[in-house]
Amino acid sequence: MSGFWNKRARGLEPYVPGEQPRERRLIKLNTNENPYPPSPKALAAIREAAAADLRLYPDPLCTVLREAVAETYRVKPEQVFPGNGSDEVLAFAFAAFFPSAGEGGVRPVLFPDITYSFYPVYAGLWDIPVRTVPLTGDFSVNAEDYLYPAGGVIFPNPNAPTGRALPLRDILSVAGYQGKAGRVVIVDEAYGAFGGESAVPHIGEFPNLLTVHTLSKAASLAGLRVGFAIGREELIQGLCRLRDSFNSYTLDRLALAGAAAAVSDGAYYHEINRKVIATRERVSGRLRELGFEVIPSAANFIFIRRPRLSGAEIFAALRERGILVRRFDTPRIRDYLRVSMGTDKDMDEFLEFMEAVSKRAPERSAGGAGDEGY
Ligand code: PMP
């Protein structure tokens, strides 16, 4: 704490991102990046944009990118809001749509107890009251728990870090219920390309439904920092109000060019993500054979635990072996590890190590670590 920090800065609880190691030799399975390179067309567009025009500000309307997204997702450019990573889009969406405590008498925003750990941070930043809703015993979202008067609702589909997808009909029932009360429902589709059904085709029916997307996972461009929201014009204009009160140029010229080319190169991405999905299924099957519990995943990562072994110990042993995964030291999920899908070669090394780990697990015990169920 510094005496120079005001009350707001003192009160923040910032998000802690997954480690980005400087050591290149590590097998990096901790931040859900894509193991395959970005589209060659996107790289060519970025190279081309790295030119004398960089002396000029970028297009504040992000026209090329909005048009590319509109064409790919079959919406209008006015229904697209790009940002500097979907984290930024989410931060603006919390600020624009969810009621803050200062408004008085507001109901809390609902999201799952186990979900993307940035949501409570945005809520803290904007002073938005929240209530977390426990996932069911098998880590599913029970949509009925969200048919409840609230300040709004947000969840990822598929959820993170569990990887479980929600049926589209559940999402639409929540959107319909909350819409009647004038509340916004945000569906974070960061991992949508790896499974699950997108809610985008339904934004026309639900004026309160906003979907959020990123190029960091499926488009293999985490380093470019681009995300976007899709929703009815009214919602998009709300986001623009926020952005234009903060920073009118959130996307630079390189990002705009690269992202527009990437969004338009569906054929390339379909191919690499088909491989990621095949790897996920193969790794999940093998881990189950080895006695791991693997939550069925529709994302580019899996959420696993080895009954009778502590998650912290497996995490540390993997780190020692040069394999980085993600672990959240929070209730219910302490013994789970989230493992991003790498190349098949990376995953073979991971599996080889997990085979050795699993041999160390006692067959049965009177309730060791992680034995108490969900
Ligand atoms: N939503 C979810 C559910 C995520 O897991 C992530 C990645 N940490 C993001 C949004 C943010 O992605 P980005 O800012 O890279 O677009």
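We count ligands from 1, going down the list as the structure has it; atoms in each ligand are counted the same way. Counting begins at 1 with the first residue of the sequence.
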Taking only residues at least two apart or on different chains, which pairs with a member in residues 168-202 satisfy ring pair (Phe, Tyr, Trp, His ring centres under 6.0 Å)?
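Applying ring pair (Phe, Tyr, Trp, His ring centres under 6.0 Å) to every pair that reaches into residues 168-202, excluding sequence neighbours, yields Tyr191-Phe301.
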
Among all residues two or more places apart in sequence or in another chain, which pass the side-chain hydrogen bond (donor to acceptor under 3.5 Å, both in side chains) test with Glu289?
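Only Arg286 meet the side-chain hydrogen bond (donor to acceptor under 3.5 Å, both in side chains) criterion with Glu289.
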
Identified side-chain contact (heavy atoms from CB on, under 4.5 Å) counterpart of Asp346 within the set Asp348, Thr343, Asp344
Thr343

Among Ile, Leu, Val, Met, Phe, Trp and Tyr joined by side-chain contacts under 4.5 Å, find the other residues sharing a cluster with Tyr57 and list them by chain and number.
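Cluster partners of Tyr57: Tyr249.
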
Should Leu210 and Val153 be regarded as members of a common hydrophobic cluster, given that ILVMFWY residues are connected when their side-chain heavy atoms come within less than 4.5 Å of each other, either directly or indirectly?
no

Pairs under 3.5 angstrom, nitrogen or oxygen on both sides, ligand 1 versus protein: list them out, please.
from: ligand 1; atom 1: 1 (N); to: Asp188; atom 2: OD1; distance (Å): 3.3
from: ligand 1; atom 1: 1 (N); to: Asp188; atom 2: OD2; distance (Å): 2.7
from: ligand 1; atom 1: 5 (O); to: Tyr191; atom 2: OH; distance (Å): 2.6
from: ligand 1; atom 1: 8 (N); to: Tyr116; atom 2: OH; distance (Å): 3.2
from: ligand 1; atom 1: 12 (O); to: Ser86; atom 2: OG; distance (Å): 3.2
from: ligand 1; atom 1: 14 (O); to: Ser86; atom 2: N; distance (Å): 3.3
from: ligand 1; atom 1: 14 (O); to: Asp87; atom 2: N; distance (Å): 3.0
from: ligand 1; atom 1: 14 (O); to: Asp87; atom 2: OD2; distance (Å): 3.2
from: ligand 1; atom 1: 14 (O); to: Arg225; atom 2: NH2; distance (Å): 2.8
from: ligand 1; atom 1: 15 (O); to: Ser216; atom 2: OG; distance (Å): 2.6
from: ligand 1; atom 1: 15 (O); to: Arg225; atom 2: NH1; distance (Å): 2.7
from: ligand 1; atom 1: 16 (O); to: Ser86; atom 2: N; distance (Å): 2.7
from: ligand 1; atom 1: 16 (O); to: Ser86; atom 2: OG; distance (Å): 2.7
from: ligand 1; atom 1: 16 (O); to: Thr214; atom 2: OG1; distance (Å): 2.5
from: ligand 1; atom 1: 16 (O); to: Ser216; atom 2: OG; distance (Å): 3.4

Under the 6.0 Å and 45° cation-pi test, does Arg243 pair with Phe92?
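Because its charged atom misses either the 6.0 Å distance or the 45° angle limit, Arg243 does not stack over Phe92.
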
